[in-house]
Number of protein chains: 2
Amino acid sequence: MPPTAAAGYELDPKLPIGAQVYGLLKRMIIGLVFKPNEALSEKELALRLGVSRTPVREALIRLAEETLVDVFPQRGTIVSPIRVAEVMEAQFLREALEAAVTRRAAEQPSAALIRDLSRLIDDQHHAANAGRPEDYMPLDDAFHRTISEGTGMPRSWRLIQGVKGQMDRVRFLSLPNKAHLLLLTEQHAEIFKAIETQDPDRAEAAMRHHLKEVLKTIHELASEMPAIFA
Amino acid sequence: MPPTAAAGYELDPKLPIGAQVYGLLKRMIIGLVFKPNEALSEKELALRLGVSRTPVREALIRLAEETLVDVFPQRGTIVSPIRVAEVMEAQFLREALEAAVTRRAAEQPSAALIRDLSRLIDDQHHAANAGRPEDYMPLDDAFHRTISEGTGMPRSWRLIQGVKGQMDRVRFLSLPNKAHLLLLTEQHAEIFKAIETQDPDRAEAAMRHHLKEVLKTIHELASEMPAIFA
DNA sequence: CGCAGCCTTATGCCATGGTAGTATCTCACT
DNA sequence: AGTGAGATACTACCATGGCATAAGGCTGCG
């Protein structure tokens, strides 16, 4: 049994290893496979993933920039606890960025953007009715990413990705059910309609409303499970 | 003569080397000591700085995330050319972020924030009258940073820093003179007054106006010096 | 029993060696 | 002269070894 099996994930040796490790660790942190405050050592991760410490270290540095892990020099690295203030700041910054991008998208939407968003919402309806949150998440990402990149602002998506990790951990905790997935899809549809009809005010407002969903649950979660919060 | 002297900069071996190399390279790129499209090899930089390739590599990865360098696997790394579209996107995103942060700052400004901003503007007046742009830049950074951190949003400053590098290279090209430094300081003072009097609308508008300065010069610069643009 | 000091163990940080991939240059061949 | 193949010289990427530092346990002293 190869050491990689211990983690339950595999890496393709032909693709850049550092990037793969980064993506893998990020998914495991957001999916709470690695719990907040859990220790993560370079050496042990390298062993379990079957790679050397170098790409693991580089992945941890990138994750530290997103504050998904906290690195303490010469002492150790841990999965960062969920800090309420930090989640709220992430939400605030994401809303500022994505409201601006969505507004611009609605000013001059390309035909390709309209087409892509429309298809994604169809897919989301299916995934939501199937009631499988793990299938829905990639489609949710794709929707927001498409707005950014389809409006000629690829960097905005990179910035959004950098802050949304904090929010995604909270979303994962609240375990969205089928009804919630359908609600999110409805909000996506509202954003889409505003873009399609070239109504910037309505598009911005719809996106702001959509992004405030996380705030509804965070405070009760913080009191329910104090162990994983800061 | 130590190899570090060749670059004209020194590193302190007691402090984290990776972070120092990152800061040093970033300043040299923004200050156009390293010209756009210039090749940067891990090995040569390590040699000239008197450190190993590892911290240099880590610094280049971070710079690549800000698109200040372009890394081509197995081929080489170059200082990224100045891409007009990218500068404009950076300006757009920074304006979205900082407008939102400044608005919030004006809603509930702390006494410490008022005090710190006031002092910084005094310092800026002196530096502007002295007419030394290289002394002014750190004070400009400090002003924007203070608004972010003094409003309890430390992460916003990190995001802003990540995008402003692209803008700073353009600003450096336009070589601000004394009159321009005084203009910037006046704009800072206007932002400050709006925060102090708790006028969010005015604060946001003043910040947006301030951040649009770069756009005035970029197009003429692009046609004047095509060699360093994409 | 409590506390100060050593010592063991672990960590992340930096240095360096080896590898696979790419571009360029040389030279034989047409 | 022009072209294509092979050798060569680079690159960034990954692996691994040695280092200083920080934390926790142990021991001996008060």
Side-chain angles (χ1 to χ4, degrees), chain A residues 2-4 6-7 9-25 29 34 36-81, chain B residues 2-4 6-7 9-25 29 34 36-81:
Chain A
T4 55
Y9 294 89
E10 301 296 334
L11 297 177
D12 183 347
K14 307 301 293 179
L15 276 55
I17 295 186
Q20 288 184 81
V21 172
Y22 164 76
L24 181 57
L25 293 180
I29 291 173
F34 292 133
N37 294 307
E38 180 175 344
L40 294 179
S41 99
E42 288 181 3
K43 191 180 293 186
E44 189 197 329
L45 285 174
L47 200 66
R48 292 178 56 144
L49 296 174
V51 299
S52 82
R53 305 193 312 269
T54 304
V56 172
R57 171 174 165 74
E58 289 169 2
L60 290 176
I61 290 175
R62 292 183 58 187
L63 291 168
E65 292 171 8
E66 303 177 25
T67 58
L68 286 174
V69 305
D70 295 337
V71 178
F72 303 95
Q74 321 303 345
R75 293 198 285 140
T77 301
I78 62 167
V79 179
S80 71
Chain B
T4 55
Y9 296 89
E10 301 295 334
L11 297 177
D12 183 348
K14 306 303 291 180
L15 277 54
I17 296 187
Q20 288 185 82
V21 172
Y22 165 75
L24 182 57
L25 292 181
I29 291 172
F34 292 134
N37 294 307
E38 182 175 344
L40 295 179
S41 101
E42 286 181 6
K43 190 181 294 188
E44 189 197 329
L45 285 174
L47 200 66
R48 293 179 55 147
L49 296 175
V51 299
S52 82
R53 304 191 315 269
T54 303
V56 172
R57 171 175 163 75
E58 290 170 1
L60 290 176
I61 290 176
R62 292 182 58 185
L63 292 168
E65 292 171 8
E66 303 177 25
T67 58
L68 286 174
V69 305
D70 294 338
V71 178
F72 302 96
Q74 319 302 347
R75 292 198 287 141
T77 301
I78 63 167
V79 178
S80 71

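By convention in this document, chain letters (A, B, ...) are assigned in the order of the sequence lines, proteins followed by strands, and residues within each chain are numbered from 1.
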From C-beta outward on B:S41, which listed nucleotide comes closest to its side chain: C:dT16, D:dT11, C:dC13?
D:dT11

In short, A:K43 meets A:R53 closest at the heavy-atom pair CA-CD, 4.0 Å

Just so I know, are the side chains of A:L25 and A:V69 near enough to count as touching, which here means a heavy-atom distance under 4.5 Å?
no

When rounded to whole Å, the CG to P distance for the pair B:L45 and C:dA15 reads 14 Å

Mind checking side chain to side chain contact (heavy atoms under 4.5 Å, CB included) for A:S80 and listing every partner two or more places apart, or none if nothing turns up?
A:D70, A:R83, A:Q166, A:R169

Considering only heavy atoms, which members of residues 59-77 of chain B lie under 4.0 Å from some atom of DNA chain D?
B:V71, B:F72, B:P73, B:Q74, B:R75, B:G76, B:T77

B:V21 pairs by side-chain contact (heavy atoms from CB on, under 4.5 Å) with which of B:L49, B:T54, B:L60?
B:L49

Can you measure B:I17 atom CD1 to C:dA15 atom C1' for me and round it to whole angstrom units?
10 Å

In whole Å, I'd like the distance from the CD atom of B:E44 to the P atom of D:dT11.
8 Å

Check the distance between C:dG21's C1' and A:L15's CG and give it to me in whole angstrom.
14 Å

Of B:K14 and B:T54, whose nearest nucleotide on DNA chain D comes first from the 5' end?
B:T54

Sequence neighbours excluded, the answer for side chain to side chain contact (heavy atoms under 4.5 Å, CB included) partners of B:E66 is A:R155, B:Y22, B:K26, B:L68

Integer-rounded Å distance: D:dG17 P and A:R57 CZ
17 Å

Criterion side-chain contact (heavy atoms from CB on, under 4.5 Å) against B:V56, the qualifying member of B:I61, B:I17, B:V51, B:T77
B:V51

Once you round it to whole Å, what is the distance between P of D:dC13 and CG of A:L11?
17 Å

So, is B:S52 close to the C:dA15 phosphate, meaning a side-chain N or O under 4.0 Å from OP1 or OP2?
yes

Within this structure, what is the CZ-to-P distance between B:R53 and D:dT16, rounded to whole angstrom?
15 Å

Which whole-number value in Å describes the distance from A:E42 CD to D:dG17 P?
15 Å

What heavy-atom pair brings A:V71 and A:A64 nearest, and what distance separates the two atoms?
CG2-CB, 4.0 Å

Would you mind classifying the nucleic acid contact of B:I78 as base, sugar-phosphate or nothing, using non-hydrogen atoms under 4.0 angstrom?
nothing

